[in-house]
Amino acid sequence: AGQPDHKRLQLQQPADSLFVYNAYIQTALRDAGELWGRKSINEVNIIKALPGCREQKMHWDFDPACIATRQPAGSRKPASAFLALEPGTRLRVHDADLGMDVQVVVPPGSMLIFEGDALHAGMWYVASNLRVHVYLDVRSVERTGGNVWFPHIKI
């Protein structure tokens, strides 16, 4: 995912095997209405940024062209979500309305949910940082595991 230094490690696990998913993430997503119109979550990614981890390149987790042409038109978009486990967790997101990138800080125990067409990048870290990431897939937009999409021009 545009990681230039190989200091962002990712471990994929079955969702039903992780206590943190079953006890916290699934409940929070369901209570917030984020699971409605989306596929069941089968996999959970545990992400650890190692000390000195650099920022990722801006990217999308889902193909933005597929999101724009999803059927039926106006149906639920796919999304990504992560649960912060440690202080200092943050994400850079492009705010199209402001025409600039903004940094979103996610306190430990909080979850950030962003739609699949949100251009974003994992941030740099001086110390290690651990978080849990899930994809909220929809039937009309197929996601190939491990793929990300990069903008063709600088935003």
Side-chain angles (χ1 to χ4, degrees), residues 1-32 34-35 37-67 70 76-95 101-152 154-155:
Q3 185 61 36
D5 59 13
H6 306 287
K7 289 189 175 185
R8 191 177 314 267
L9 308 177
Q10 183 169 306
L11 174 64
Q12 190 177 88
Q13 295 290 300
D16 61 3
S17 72
L18 290 177
F19 173 78
V20 72
Y21 173 74
N22 291 306
Y24 298 105
I25 297 174
Q26 184 178 41
T27 301
L29 290 170
R30 185 182 56 244
D31 290 352
E34 292 295 335
L35 297 179
R38 296 199 166 111
K39 292 182 182 181
S40 295
I41 297 172
N42 296 319
E43 64 189 43
V44 174
N45 297 292
I46 301 166
I47 300 175
K48 182 174 186 173
L50 299 175
C53 178
R54 295 193 336 226
E55 184 173 320
Q56 290 178 307
K57 294 178 185 175
M58 294 292 278
H59 64 277
W60 296 279
D61 289 342
F62 298 85
D63 183 343
C66 289
I67 293 173
R70 69 191 182 286
R76 193 83 193 250
K77 290 181 184 180
S80 294
F82 70 84
L83 172 68
L85 298 177
E86 298 182 319
T89 303
R90 56 207 199 285
L91 187 74
R92 181 177 308 285
V93 179
H94 182 74
D95 186 318
D101 296 348
V102 295
Q103 180 176 282
V104 180
V105 177
V106 187
S110 297
M111 192 177 327
L112 177 66
I113 303 166
F114 52 101
E115 291 186 328
D117 56 357
L119 188 60
H120 67 281
M123 297 294 291
W124 55 270
Y125 289 93
V126 173
S128 66
N129 182 271
L130 190 65
R131 56 212 175 271
V132 181
H133 183 279
V134 296
Y135 294 105
L136 304 173
D137 293 310
V138 296
R139 295 193 191 327
S140 61
V141 179
E142 290 298 321
R143 177 181 54 86
T144 306
N147 285 352
V148 296
W149 288 261
F150 298 103
H152 295 290
K154 177 129 176 86
I155 302 294

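Ring planes of Phe114 and Phe82: perpendicular class, angle over 60° (limits at 30 and 60°).
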Could you walk me through whether Leu35 and Leu136 pass the side chain to side chain contact (heavy atoms under 4.5 Å, CB included) check? CA-CA 7 Å; Leu35 297 179; Leu136 304 173; 4.2 Å; yes

May I have the step-by-step check of salt bridge (charged side-chain N to carboxylate O under 4.0 Å, His left out) for Arg143 and Glu43, ending in yes or no? CA-CA 13 Å; Arg143 177 181 54 86; Glu43 64 189 43; 3.6 Å; yes

Glu142 vs Lys39, test: salt bridge (charged side-chain N to carboxylate O under 4.0 Å, His left out). Steps then yes/no. CA-CA 11 Å; Glu142 290 298 321; Lys39 292 182 182 181; 3.6 Å; yes

Should Leu130 and Ile46 be marked as a side chain to side chain contact (heavy atoms under 4.5 Å, CB included) after you check the CA-CA gap, both sets of side-chain angles, and the distance that decides it? CA-CA 7 Å; Leu130 190 65; Ile46 301 166; 3.7 Å; yes

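Checked against Pro78 for a side-chain contact (heavy atoms from CB on, under 4.5 Å), the options Ile67, Asp117, Asp61, Asp63 give a single hit: Ile67.
In this structure, Thr89 and Pro108 have side chains that are not in contact, with every pair of non-hydrogen atoms separated by 4.5 Å or more. Val106 is not listed as a side-chain neighbour of Leu91, based on a closest heavy-atom distance of 4.5 Å or more.
The backbone N or O of Gln56 lies less than 3.5 Å from no partner atom in the side chain of Arg92, so there is not a single donor-acceptor pair. At distances below 3.5 Å, not a single donor-acceptor pair connects side-chain atoms of Asp95 with backbone N or O atoms of Val102.
For the residue pair Ser128 and Glu86, the shortest heavy atom distance occurs at O-OE1, 3.5 Å. When every heavy atom of Ala84 is checked against every heavy atom of Arg131, the shortest pair comes out as CA-CB, 4.3 Å. Of all heavy-atom pairs spanning Phe150 and Lys57, the tightest one is CE2-CB, 3.8 Å. When all heavy atoms of Leu29 and Met111 are compared, the closest pair comes out as CD2-SD, 3.8 Å.
Cation-pi geometry between Arg90 and Tyr125 is met: the NZ or CZ atom falls under 6.0 Å from the ring centre, inside 45° of the normal.
The distance from atom CZ of Arg8 to atom CD of Glu55, rounded to the nearest 0.5 Å, is 8.5 Å.
Aromatic ring centres of His94 and His120: separated by at least 6.0 Å.
A salt bridge does not link Glu34 to Lys77: none of the charged side-chain nitrogens sits closer than 4.0 Å to a carboxylate oxygen.
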